[in-house]
Structure formats: C-alpha cells, structure tokens
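Some notes on the structure that comes next.
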There are 2 protein chains.
Amino acid sequence: MTASQSEPAVGSQRSPRAASIVAAARRILEEEGRDALTMRRLGAAVGIRAPSLYKHFPDKSSVEVALIEIGFEEMADVLNSATDLDGSLAGLAAAYRRYALAHPHLYRLVTSGPLPRERLRPGVEDRAAAPILAVTGDPDSARACWAFAHGMVILELDGRFPPGADLDAAWTAGIAAIDRE
Amino acid sequence: MTASQSEPAVGSQRSPRAASIVAAARRILEEEGRDALTMRRLGAAVGIRAPSLYKHFPDKSSVEVALIEIGFEEMADVLNSATDLDGSLAGLAAAYRRYALAHPHLYRLVTSGPLPRERLRPGVEDRAAAPILAVTGDPDSARACWAFAHGMVILELDGRFPPGADLDAAWTAGIAAIDRE
DNA sequence: GTCTATAGTGGGATAGAC
DNA sequence: GTCTATCCCACTATAGAC
C-alpha cells in the first residue's frame with residue numbers, strides 16, 4: 001500500500017489524466033459500441049488530439065485492456081453480491097444476465113475474441129469465475145454452466161433468438177437442468 | 001423446378017461466375033478469417049479486379065449472405081445426419097461441435113453478430129435449428145440446449161477456457177444435465 | 001503534455017472506356 | 001464483363017515544434 005490517498009481500486013496505478021481517458025473510453029464503448037472507440041474519437045471525448053493520447057497509453061490496445069480489467073472486476077462484484085444475497089444458481093444466473101444486458105458492449109469486449117491474458121492484472125479473470133465455480137462444485141460443471149449463460153447472453157445480444165422467443169423460459173429450462181444435478 | 005440441369009442446391013440461382021466467386025470467398029474466409037475477406041483479395045482469388053466483382057454482386061455483404069446460407073445448409077445436413085445415425089443428444093452435440101471446429105471462421109460468420117434474416121432464403125435458418133428442436137421436444141429446452149452448445153463452441157474457438165481445461169468433460173457434464181430432463 | 005503535420009495502410013465503391 | 005483510374009473514407013501511429 002503506497003497510495004497516499006484512498007481511491008477506487010479500479011483503473012489503478014495511473015495518472016488522473018489516464019484515468020479520465022479510460023473513463024471516456026468506457027463511455028464511448030458503452031454508448032456506441034466497439035467500432036466507435038477510435039483514438040480520434042477518444043481524444044475528442046477527453047478534449048485533446050488523438051496523438052496526445054500516446055503520451056498516456058502506448059497504444060490503443062492498452063486502453064482496451066484497461067476496460068477489460070474493469071469489466072472483469074465489475075462482473076466479479078456482481079456475481080459475489082448475488083451469491084451473498086441468494087446462493088442459488090438461479091440468482092447467480094439472473095445477476096449474470098442482468099449485468100450483461102446492462103453493459104452489452106463492455107460484456108462483448110470482455111468475453112469475445114482472443115483474451116490477452118498476459119497483459120491482465122493477475123487473478124482478475126479468476127475472481128470473476130470463482131462465484132460460478134463455488135455454486136457448481138466441480139470445474140467441468142462450472143464450465144458447462146458458464147457456456148450456457150454466455151451462450152444465452154450473446155445470442156440474446158446478437159438478436160439470434162426468434163422474435164417471439166420466451167427467453168426467461170429458456171433460462172429457466174437450462175437452470176432447471178443444471179440444478180437437477 | 002425450372003432448372004434444366006441437375007445442380008447442387010447450394011449457392012443456387014446464380015451464374016457460374018458468381019458461384020466461383022462465392023467458392024473463392026469461402027476459401028479465403030475459412031483459411032484466413034473474416035478480416036481477410038476483402039473485395040480486392042476476393043477479386044485476386046478469382047482472377048479479376050475488385051471493381052469487376054460488382055458486376056456479379058451488388059456489394060460485399062451480398063457475398064457474405066451467400067456464405068451464411070451455405071453455412072446454415074451445411075449445418076442442417078450435418079445435424080440431420082447425426083440424428084439419423086444416432087438420435088441421442090450426445091451424438092447431435094458431437095456433430096455440432098465437430099462441424100464448428102472444422103469450419104471456425106464460417107461458423108463465426110453464421111452465428112455471430114446481427115443476422116440479416118430478411119436477406120436469407122426463407123427457411124434456411126429454421127432447417128438448421130429443426131434437429132435440435134426435434135431432440136429436445138419443446139422450444140425453451142431447445143434454445144437452452146443451443147445456447148449451451150454455442151457457448152461451448154465459441155468459448156473454445158476464442159481460447160477462453162483455461163489452458164488445461166477438459167472440454168470433453170464439460171460437454172459431457174452439460175449434456176448429462178440436459179438429458180436428466 | 002499538447003499541438004500540427006503527415007506517414008502509411010487499408011477498406012468499399014463508382015465512372016467511364018473498351 | 002473486364003479494365004484503369006480514382007474517390008472518399010477511416011484508422012493507428014510517429015516526428016518534431018512548442
């Protein structure tokens with residue numbers, strides 16, 4: 001603990017300027033999607049020119065990595081809270097879905113495509129996964145459970161279910177199956 | 001039936017030139033991924049300049065739509081064959097996974113992001129979904145089942161499971177849960 | 001730490017000649 | 001149906017002045 005002031009754990013260890021850049025990046029991502037997050041757009045959002053951003057971050061992917069870490073941390077918080085309140089698989093699943101639907105573009109950034117694991121702060125990914133493992137018991141069931149939840153969410157976000165589909169019922173059916181374990 | 005010769009159902013209703021363009025597009029997609037599929041690259045693969053492609057397709061997305069239709073049709077074939085041979089959920093799931101892993105980039109194109117349903121030949125999507133519905137019985141379970149399978153596949157393709165994860169075991173755990181229904 | 005200027009790359013698509 | 005020439009766009013990133 002070398003920090004001289006209390007501060008949010010998230011985004012850690014950076015200058016205030018860098019923190020405001022990450023905050024702006026998050027705003028752009030969440031409001032307009034991943035393609036809208038460009039260095040020009042990000043510079044404009046924070047009030048400087050794109051090239052100046054490179055004084056704070058070595059490249060664009062470093063900004064994205066910061067966002068991915070935030071997403072994992074928030075997911076960990078959300079799932080831990082759900083477990084504390086409820087303890088049921090259904091409660092955990094509902095919390096997972098709620099977070100993903102509330103932050104679709106951040107969820108996508110965190111869960112889709114290759115993950116630069118070596119650039120993440122250690123343990124960040126595991127802390128988000130822990131609540132699922134805790135409720136299912138074994139790792140294989142946890143992975144199956146996560147795959148189900150991720151599949152449901154990403155198909156919903158992508159509009160892949162038929163227009164009239166009852167997704168609550170599909171979630172319930174899936175959870176019931178797992179729970180019968 | 002107005003066709004005067006026997007022909008593969010796939011890619012249908014187009015000039016031979018257009019068919020060869022789609023074939024080349026598929027090759028590029030499968031071998032190098034979606035980003036590699038550009039009009040310049042596609043023209044080169046088929047031996048003409050990019051602008052000439054626009055005599056055969058109105059735009060790039062039309063080529064992609066043709067590929068999506070092919071993907072759906074092949075998936076329908078694969079799942080129907082699995083059902084005919086076996087009839088078990090496990091057999092169906094294995095066929096689903098096998099096809100996706102054999103054609104990762106095509107699978108992604110078909111199942112990820114927004115789907116231009118109105119541009120697809122009618123029924124193409126439903127025919128791929130039918131075998132899953134047939135084995136699960138009700139639509140809610142079918143959607144849960146599909147979400148599980150898609151989640152497992154896409155997380156595997158994206159390298160999202162931990163390096164040592166036993167994915168066969170995770171599949172088995174998920175299928176066992178659904179089967180206990 | 002900010003700027004301007006710019007390099008370098010690549011993309012989709014159109015016009016008009018042949 | 002193919003070509004050349006070209007437009008217009010957008011992006012990441014760097015150089016060098018201030």
Side-chain angles (χ1 to χ4, degrees), chain A residues 11-69 105-106 108-109 112-116 118-119, chain B residues 11-69 105-106 108-109 112-116 118-119:
Chain A
S12 60
Q13 251 87 325
R14 284 195 218 276
S15 71
R17 194 48 152 168
S20 81
I21 291 171
V22 172
R26 179 177 187 161
R27 235 174 291 129
I28 295 169
L29 174 69
E30 296 229 38
E31 287 166 17
E32 303 173 52
R34 187 166 189 171
D35 288 351
L37 185 57
T38 69
M39 294 304 264
R40 294 186 208 295
R41 188 86 186 57
L42 181 53
V46 79
I48 61 179
R49 304 288 171 188
S52 305
L53 294 170
Y54 292 87
K55 297 291 182 180
H56 303 279
F57 290 89
D59 51 30
K60 185 189 174 184
S61 70
S62 300
V63 179
E64 291 174 335
V65 165
L67 292 176
I68 291 172
E69 288 177 343
H105 295 298
L106 182 58
R108 268 187 229 273
L109 182 69
S112 301
L115 180 67
E118 66 293 344
R119 300 177 63 187
Chain B
S12 57
Q13 251 85 322
R14 282 194 219 276
S15 70
R17 193 49 150 169
S20 80
I21 290 171
V22 172
R26 177 177 188 162
R27 235 172 292 129
I28 295 169
L29 175 69
E30 297 230 37
E31 288 166 16
E32 302 174 53
R34 186 166 191 173
D35 288 350
L37 185 57
T38 69
M39 295 303 266
R40 286 169 165 75
R41 186 90 183 55
L42 181 53
V46 80
I48 62 180
R49 302 289 171 188
S52 305
L53 293 171
Y54 291 87
K55 297 290 183 181
H56 304 280
F57 290 88
D59 51 30
K60 185 188 174 184
S61 70
S62 300
V63 180
E64 290 173 336
V65 165
L67 292 176
I68 292 172
E69 287 178 342
H105 295 296
L106 182 58
R108 268 186 229 273
L109 182 69
S112 302
L115 181 66
E118 67 293 344
R119 301 177 63 185

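Below, all heavy atoms of this structure are taken into account, side chains as well, without hydrogens, waters or symmetry copies. The sequence lines fix the lettering, A, B, ..., with proteins before strands; numbering per chain opens at 1.
dC11(D) atom C1' lies 15 Å from atom CD1 of Ile28(A), rounded to whole Å. We find that CZ of Arg17(B) is positioned 13 Å from C1' of dC3(D), with the value rounded to whole Å. The CG atom of Leu42(A) sits 14 Å away from the C1' atom of dC11(D) (whole-angstrom rounding). Going from atom CD1 of Ile48(B) over to atom P of dA13(C) covers 15 Å, rounded to whole Å. In this structure, Glu64(A) atom CD and dA13(D) atom P are separated by 10 Å, rounded to whole Å. Met39(A) places its CE atom 17 Å from the C1' atom of dA7(C), with the value rounded to the nearest Å.
Residues of residues 53-63 of chain A having a heavy atom closer than 4.0 Å to DNA chain C, listed by number: Lys55(A), His56(A).
For the side-chain hydrogen bond (donor to acceptor under 3.5 Å, both in side chains) test, residues two or more places apart in sequence or in another chain that qualify with Arg108(B) are Asp158(B). Every residue two or more places apart in sequence or in another chain that forms a side-chain hydrogen bond (donor to acceptor under 3.5 Å, both in side chains) with Ser62(B) is listed here: Asp59(B), Arg119(B).
Within the helix from dG1(C)-dC18(D) to dC18(C)-dG1(D), the inter-axis angle between the opening and closing five-pair segments is 10°, rounded to 10°.
We find the CD-CZ distance between Glu64(A) and Arg34(A) to be 4.5 Å, quoted to the nearest 0.5 Å. With values rounded to the nearest 0.5 angstrom, Ile68(B) atom CD1 is found 4.5 Å from Leu109(B) atom CG.
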Result block: side-chain N/O donor-acceptor pairs under 3.5 angstrom for residues 36-55 of chain B, not counting sequence neighbours:
{"residue": "Thr38(B)", "atom": "OG1", "partner": "Arg41(B)", "partner atom": "N", "Å": "3.1"}
{"residue": "Arg41(B)", "atom": "NH2", "partner": "Glu32(B)", "partner atom": "OE1", "Å": "3.4"}
{"residue": "Arg41(B)", "atom": "NH2", "partner": "Glu32(B)", "partner atom": "OE2", "Å": "2.3"}

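For residues 15-29 of chain B, every residue pair satisfying the side-chain hydrogen bond (donor to acceptor under 3.5 Å, both in side chains) rule, not counting sequence neighbours, is listed here: Arg26(B)-Glu30(B), Arg26(B)-Glu74(B).
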Between the protein and nucleotides 4-7 of chain D, which nitrogen or oxygen pairs are less than 3.5 angstrom apart?
{"residue": "dT4(D)", "atom": "OP2", "partner": "Arg49(B)", "partner atom": "NE", "Å": "3.2"}

